[in-house]
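We use all heavy atoms of the structure for the numbers below, so side chains are in, but hydrogens, waters and symmetry mates are not. Throughout, protein chains are lettered first and strands after them, A, B, ... in sequence-line order, and every chain is numbered starting at 1.
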Amino acid sequence: GNSVTQMEGPVTLSEEAFLTINCTYTATGYPSLFWYVQYPGEGLQLLLKATKADDKGSNKGFEATYRKETTSFHLEKGSVQVSDSAVYFCALSTNAGKSTFGDGTTLTVKP
Amino acid sequence: EAQVTQNPRYLITVTGKKLTVTCSQNMNHEYMSWYRQDPGLGLRQIYYSMNVEVTDKGDVPEGYKVSRKEKRNFPLILESPSPNQTSLYFCASSLQSQGGYEQYFGPGTRLTVT
């Protein structure tokens, strides 16, 4: 079956530091890839997505590139803020409707 | 406002007492799905529905039932809850597209089964 593996957390950074959260996947066919963010006490919100190889998703300074050759979709941000503190989930979905999420990575940004 | 709503938000119940968690969306989405979130396990898909009267099992369907009689509603039914179903449950919906399922999530239902 499909699977998503995220780097283990928690991750603690100082404000304005560079962020990378690694994500690799295993899937048959050509899934779409997503990053979702979950703030405390809330549901998940879509952060960015990519639907085919070499696509780059971007939003609010976050970026991730769909790398089929390495089956990866790493999340990056050049300068994090305290307000970016949240749990980040990498996910894939297939056209058949199944969705698979990673375990989540907790990010804490300190002033 | 476009949203996915879930009720109740919090529920404490006892083993074996049937319960239903409702989910409703106002975005005319074809696709809806239920997940459970457990510490260290991320989100796991329970059931999903591609459209009215069409439902499929996700990765952890045991002990759960769903129905999709109307496009906007997708209730999750626990016929005989057990303590291992204590979890945080999320409903989500999405337009079907070739770009995969970009999902909108509800606020979650925290269920405790004693």
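- Taking 4.5 Å as the limit, every side-chain heavy atom of A:F89 sits out of range of all side-chain heavy atoms of A:C23.
- In this model, a donor atom of one side chain and an acceptor atom of the other lie less than 3.5 Å apart for B:Q37 and A:Q38.
- Residue with the most contacts toward chain B among A:G97, A:S99, A:G43: A:G97 (heavy-atom pairs, distance under 4.5 Å).
- Salt-bridge check for A:K60 with A:D84: failed, with every basic side-chain N at 4.0 Å or more from each acidic carboxylate O.
- Counting only residues at least two apart or on different chains, no disulfide (SG to SG under 2.5 Å) pair has a member in residues 50-84 of chain B.
- A centroid separation of 6.0 Å or more is found between the aromatic rings of A:F34 and A:F73.
- A distance of 12.5 Å separates OG of A:S58 from NZ of A:K49, quoted to the nearest 0.5 Å.
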Please table the atom pairs, donor to acceptor, closer than 3.5 Å between any side-chain atom in residues 104-114 of chain B and protein atoms at least two apart or in another chain.
{"from": "B:T109", "atom 1": "OG1", "to": "B:Q6", "atom 2": "NE2", "distance (Å)": "3.1"}
{"from": "B:T109", "atom 1": "OG1", "to": "B:P8", "atom 2": "O", "distance (Å)": "2.7"}
{"from": "B:T114", "atom 1": "OG1", "to": "B:T13", "atom 2": "O", "distance (Å)": "3.2"}

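- The nearest pair of heavy atoms linking A:Q45 to A:Y39 is NE2-CD1, 3.6 Å.
- With a threshold of 4.5 angstrom between heavy atoms, A:E8 does not approach chain B through any atom at all.
- Against chain B, the residues from residues 102-111 of chain A that qualify, each with a non-hydrogen atom under 4.5 angstrom away, are A:G102, A:D103 in number order.
- Residues of residues 73-92 of chain B lying under 4.5 angstrom from chain A, judged on non-hydrogen atoms, are B:F90 by number.
- Between B:D38 and B:R44 there is a salt bridge, since a side-chain N of the basic residue sits under 4.0 Å from a carboxylate O of the acidic one.
- Using a 4.5 Å cut-off between heavy atoms, B:L41 touches chain A through its backbone atoms (N, CA, C, O) alone.
- A salt bridge between A:E63 and A:K56 is present, with a side-chain N of the basic residue lying under 4.0 Å from a carboxylate O of the acidic one.
- Contact of A:Y36 with chain B is made through the side chain alone, with heavy-atom distances under 4.5 Å.
- Linking Ile, Leu, Val, Met, Phe, Trp and Tyr whenever their side-chain heavy atoms come within less than 4.5 Å puts A:Y66 and A:M7 in one cluster.
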